[in-house]
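In what follows, chains carry the letters A, B, and so on, assigned in the order in which the sequence lines appear, proteins first and then strands, with residues in each chain numbered from 1. The model shown is predicted, which means the values in this text are computed figures rather than measured ones.
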There are 2 protein chains.
Amino acid sequence: MELSNKQITVIFKALCDENRVQIFRILQNGELCACHLLEELHLSQPTLSHHMKVLCDSGLVVGRKEGKWMHYSISAEGAKVAMDCLKEITAVNESECKCCNK
Amino acid sequence: MELSNKQITVIFKALCDENRVQIFRILQNGELCACHLLEELHLSQPTLSHHMKVLCDSGLVVGRKEGKWMHYSISAEGAKVAMDCLKEITAVNESECKCCNK
DNA sequence: CATACACATAGAAAAATGTCAATATGTTTT
DNA sequence: AAAACATATTGACATTTTTCTATGTGTATG
C-alpha cells in the first residue's frame, strides 16, 4: 500500500484522544447520527464536529448524509487499512540482504 | 484485555508523529542504539530522547541498556497488544441484545 | 581520577491540538 | 416564506506537544 509517514499519522490520530476513543466505543453499537453521539459525550456540538472530521480524515469512520442528519459509523475497510499499516510498520525485516537472505 | 481510553491513546500516540513513524522504519532493520538513530534523523539528541520515551511508553518499542548505550527495538508483544486493541476498538457489535442474538 | 561519551532531564519557546461561543449553511417543517 | 433544526465553520483561548539549549547522571577510557 506504501503509505507516507504523514498518512500514517493521520490514520492513528483517530486514536490519540480519549473522547475519540469513546466515540469508537459508542459507534460499536452501530451507526449513529451526530446529535445522538452528542448526547452521550460531554462536549459542545462544534467540538464533536471537529472530532468527527478527524475521525473521517483517518478513514476509520465514515459519514453518511441523510437530510439534515449526518450518520457516522466505523469503517470496516478503514479498519483493515489501519491494521495492515500497523502490521507493516511494526514488522521487523528478517533479512536485510535480499540476495543472500542473511 | 480491557484497556482504558487513556491507555489506548498512549499506545497510538506512538504513530501520531512523522519522526516517530520514521523511527519505526529504521528499527525495522533491527535493534539500534540511540546514537545511530540520531545519525539518521534530523533531530537534536534531547528531542530523540523524548520521542524514544513516548515510543517506550506505548509499549511498541523496548529499550535495553548496555553500558552507556541504550538499544532500542520494535516489540513484537507490544505490536500484538496494539493490533488486538485496534481490532477491538474498530469491531462492530453484531448483536446488541445478548439474549435473543438480534 | 579526570576526561570523554551516551543518554536523560529541566526549562523555555514555538507549533499543534482541543475546546467553546458565536455564526453560517443547508434542510425540513409549519 | 419563516421558523426550527442539525451540522459545519470561524475565531479566540487554553492545553498539549514538539523542539531546542543548557545541564545533570552514569559509564567507560586515558
Next on the checklist: Checking side-chain polar atoms at under 3.5 Å, does A:Q28 have a donor or acceptor matched by the opposite partner on B:N93?
Outcome noted: no

Item to check | Gap separating the CD1 atom of A:I74 from the CZ atom of A:R25, nearest 0.5 angstrom | outcome: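 So the CD1 of A:I74 and the CZ of A:R25 are separated by 10.5 Å.
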
Item to check | Summary of protein contacts for nucleotides 17-30 of chain D, nucleotide by nucleotide, where a base hit scores B, a sugar-phosphate-only hit scores S (4.0 Å, heavy atoms) | outcome: SSBBBB----SS--

Next on the checklist: Looking at every heavy atom in both A:S75 and A:V62, which two are closest together, and how far apart are they?
Outcome noted: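 So the two residues come closest at CB-CG1, 3.9 Å.
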
Checklist entry - So which heavy atom on A:T9 is nearest to which on B:C16, and how close? => result CG2-C, 3.7 Å

Next on the checklist: For chain B and DNA chain C, what are the first and last nucleotides along the strand, 5' to 3', with at least one atom under 4.0 angstrom from a heavy atom of the protein chain?
Outcome noted: C:dC5 to C:dT9

Checklist entry - What pairs of residues pass the salt bridge (Lys or Arg N to Asp or Glu O under 4.0 Å) test when at least one of them lies in residues 68-83 of chain A, not counting sequence neighbours? => result A:K80-A:D84

Item to check | Check ion pair B:E18-B:R20 (N to O, under 4.0 angstrom) | outcome: no

Checklist entry - With distance as the sole test, does B:E40 use its side chain to make a donor-acceptor pair with the main-chain N or O of B:L37 at under 3.5 Å? => result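 Here the side-chain-to-backbone pair does not exist.
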
Checklist entry - Counting distance only, does the side-chain N/O of B:T90 pair as donor-acceptor with the main-chain N or O of B:L86 below 3.5 Å? => result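 Yes, B:T90 side chain to B:L86 backbone: donor-acceptor pair under 3.5 Å.
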
Checklist entry - What's the CD-C1' distance between A:E18 and D:dT15, to the nearest Å? => result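 Whole-Å distance recorded here is 14 Å.
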
